[in-house]
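Okay, structure first, notes after.
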There are 2 protein chains.
Amino acid sequence: MTEKENRDARTRAADSLVSIYERQIIDGTLAVGMPLPPEREIMQSFSVSRTVVREAVQTLSAKGLVEARPRFRPVVRTPGYDAAIEAVGSVVNRLLTVPGGVRNLFELRIMMEAALVRGAALHADKHHVARMKQALADNEAAISDSQRFFETDVAFHRLLYEVPDNPVLPPIHQAYTDWLSSHWTKMPRDPERNHVNYRAHCRIFEAILFRDPDAAEFVLRDHLDDAWNQVRQTFEET
Amino acid sequence: MTEKENRDARTRAADSLVSIYERQIIDGTLAVGMPLPPEREIMQSFSVSRTVVREAVQTLSAKGLVEARPRFRPVVRTPGYDAAIEAVGSVVNRLLTVPGGVRNLFELRIMMEAALVRGAALHADKHHVARMKQALADNEAAISDSQRFFETDVAFHRLLYEVPDNPVLPPIHQAYTDWLSSHWTKMPRDPERNHVNYRAHCRIFEAILFRDPDAAEFVLRDHLDDAWNQVRQTFEET
DNA sequence: CGTTCCGATTTGGTATGACAAAAACGCACA
DNA sequence: TGTGCGTTTTTGTCATACCAAATCGGAACG
C-alpha cells in the first residue's frame with residue numbers, strides 16, 4: 001500500500017489487485033463468507049479492465065483465499081488448515097513423481113508420527129485412550145475385509161494426530177493419507193497382513209497405556225517401516 | 001478427468017486448461033525450464049479465447065507449477081519443496097491471524113524440532129557435528145550483535161533440519177522462520193538474552209555429542225518454550 | 001569468425017465491447 | 001406467508017485492438 005500500483009510495467013495490475021484483496025481478507029475488511037464485489041464494480045473501483053479483475057479473482061481462488069464456484073460470486077473462505085493443504089496439492093503431487101519423492105514424504109510422516117506416539121504415551125488422557133480402544137476394536141473387526149481394514153487403519157492413526165490439541169495436525173494427517181493413498185492402495189492386502197498390522201496397532205496402544213514413549217516409538221517405527229517395505233515394491237526407487 | 005472438458009457450463013474452460021497443463025507438467029511432457037507455448041498458440045490449439053488462456057496461466061502460476069515473470073514467457077518451475085511452501089504462503093499468513101494461530105504453528109515446530117534433535121543425537125555423524133560446532137562458534141561470536149545473533153541462531157537450528165538427509169526438511173525450516181519471523185523479530189533482544197540462548201544451544205550440542213536423545217529433547221523444549229514465553233508477550237493470546 | 005548493435009516481429013499486458021446462460025432479484029399471486 | 005414466474009444482474013466466454021517490452025534476425029563491426 002506504500003507505493004502500490006504505480007504500474008511500473010514490471011508489475012501486473014492483476015497482481016496488485018490480488019495483494020489488495022489479500023490484505024483486505026487477512027485484516028478482516030472482507031469477512032469470512034462475504035462475497036467479493038461484482039466484477040464490474042471492482043473494475044470501476046480500480047479503473048482496470050475486467051480482464052485483470054478476472055485474473056485476480058482466479059489467483060485468489062488458486063491461493064485458497066476465496067472459494068469461486070463457477071457462476072457464483074466468489075466468497076471469502078474460512079481460514080483453515082485444510083485450505084493450506086489444498087493449496088499445495090498440485091506441487092506436492094508433482095514432488096511425488098521425482099525420484100525419492102514418495103520416500104521423502106513418507107519418512108517425514110514416520111518422523112512426525114514417531115513424535116506423536118511419544119507425545120501420546122506421555123500425555124494421552126482417558127478420553128483419548130477410550131477412543132483408541134474403540135478404534136482398535138473396529139480395526140480388529142475389519143481384518144477380514146481389506147477395504148474396511150484400510151479405513152479403520154487410517155482412523156487409528158488419525159487419533160494420534162488428535163492427542164495434542166493442535167488443529168494443525170489433523171489436516172496434516174489428512175494430507176498424508178490423500179497424497180500417499182494412490183501408492184498405498186496398490187499395496188497388496190490380505191487378512192494375514194491385516195492381522196500383522198492390527199497386532200502392531202495393539203502394541204502401540206499398549207506402549208501408550210504403559211506410558212512408555214521409547215517402546216511406543218520403536219513399535220510405531222517398526223510398523224511404518226514394515227508398511228514402507230510393502231509399498232516400495234510397487235515401484236522401484238533406489 | 002474421466003470426462004474432462006465437455007464444458008458442462010458448470011466447469012470453467014480455464015480450469016480445464018489448468019488441469020491439462022498440470023498433467024503435462026507432472027508427466028514430463030513439459031520439462032522443467034521449458035516455456036509454455038505462446039498464448040495465441042494455446043488459444044488456437046484448444047479453440048478458446050485468450051481470456052481463458054491467461055486465466056489458466058495465472059492459476060498455474062499461483063499453484064507454483066510455472067514461474068510467470070511479467071512480460072516473460074511462463075516457464076515450468078523446478079519441482080521443489082520450496083515451491084510448495086510458497087504456494088501456501090497466503091493461507092498460512094491468514095492462519096497466523098486467527099486466535100492461537102501463531103501458537104499452533106509454533107507448537108508444531110517445537111514438536112518437529114524435538115523429534116529432530118532426538119534423531120540428531122542418535123544419528124549425527126562427524127560431519128554434522130563439525131558444522132554444528134562451527135555454527136556454535138559463530139553464534140557465540142555474535143552475542144553482542146543482536147542482529148547477527150539472530151541470523152546465527154537461525155543457522156544453528158537449520159542444521160538440525162539437515163541431519164536427516166531428507167530434502168523436505170530444510171524448506172520446512174525456511175518456512176517456519178519466514179512465517180514466524182514477523183513475530184520473532186519483535187521479541188526483545190539484548191546480549192544477556194542472547195547469551196542465555198547461546199548456552200541453550202551449547203547444551204543441545206552437548207546432549208547430541210553424548211548421544212543422549214532424552215536430554216537433547218528436554219533441553220531443546222526448554223529452549224523453545226523459553227523463546228515462546230518471550231514472544232507471546234508481544235501479543236496477547238489466551 | 002565471433003561480437004555487437006539495431007530494427008522488425010513476436011508476444012505479453014490491458015482495454016473495450018458484445019452475447020449467452022445462469023443466478024439473483026422482485027413482484028404478483030395464491 | 002409462501003410460491004412461482006419474469007426481469008435484471010452477473011458471470012463465462014469470445015473477438016478485437018493497441019502498446020510496450022521481449023525476442024529474433026540480420027547487418028555492421030572488430
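Here is how names work: the chains are called A, B, and so on, in the same order as the sequence lines, proteins then strands, and each is numbered from 1.
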Just the rounded figure in Å: distance from [atom2] of [N] to [atom1] of [X].
X: A/R69; N: D/dT10; atom1: CZ; atom2: P; value: 17 Å
X: A/F72; N: C/dA22; atom1: CZ; atom2: P; value: 11 Å
X: A/R54; N: C/dA15; atom1: CZ; atom2: P; value: 15 Å

Side chain to side chain contact (heavy atoms under 4.5 Å, CB included) evaluation trace for A/W184 with A/Y176: CA-CA 11 Å; A/W184 217 250; A/Y176 281 145; over 6 Å; no
Close approaches to DNA chain C from residues 29-45 of chain B, in residue order (heavy atom, under 4.0 Å): B/P38, B/E39, B/R40
Whether A/T29 side chain and A/I25 backbone form a donor-acceptor pair below 3.5 Å: no
Passing candidate, side chain to side chain contact (heavy atoms under 4.5 Å, CB included) with B/V57, options B/L17, B/L36, B/V18: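 Answer after filtering B/L17, B/L36, B/V18: B/L36.
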Under 3.5 Å donor-acceptor pair, A/R50 side-chain atoms to D/dG12 base atoms: yes
Donor/acceptor link under 3.5 angstrom from A/R71 side chain onto base of D/dG12: no
Side chain to side chain contact (heavy atoms under 4.5 Å, CB included) evaluation trace for A/E162 with A/L159: CA-CA 5 Å; A/E162 294 175 0; A/L159 288 180; 3.6 Å; yes
Sugar-phosphate only, base, or nothing, as touched by A/R73 at under 4.0 Å among non-hydrogen atoms: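 Touches sugar-phosphate only.
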A/Y161 and A/Q174 side chains, donor-acceptor separation under 3.5 Å: no
Contact under 4.0 Å: A/S49 side-chain N or O vs C/dT14 OP1/OP2: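 For C/dT14, OP1/OP2 do not have a side-chain N/O of A/S49 under 4.0 Å.
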Pairwise side-chain contact, A/P164 with A/L116, heavy-atom cut-off 4.5 Å (strictly under): yes
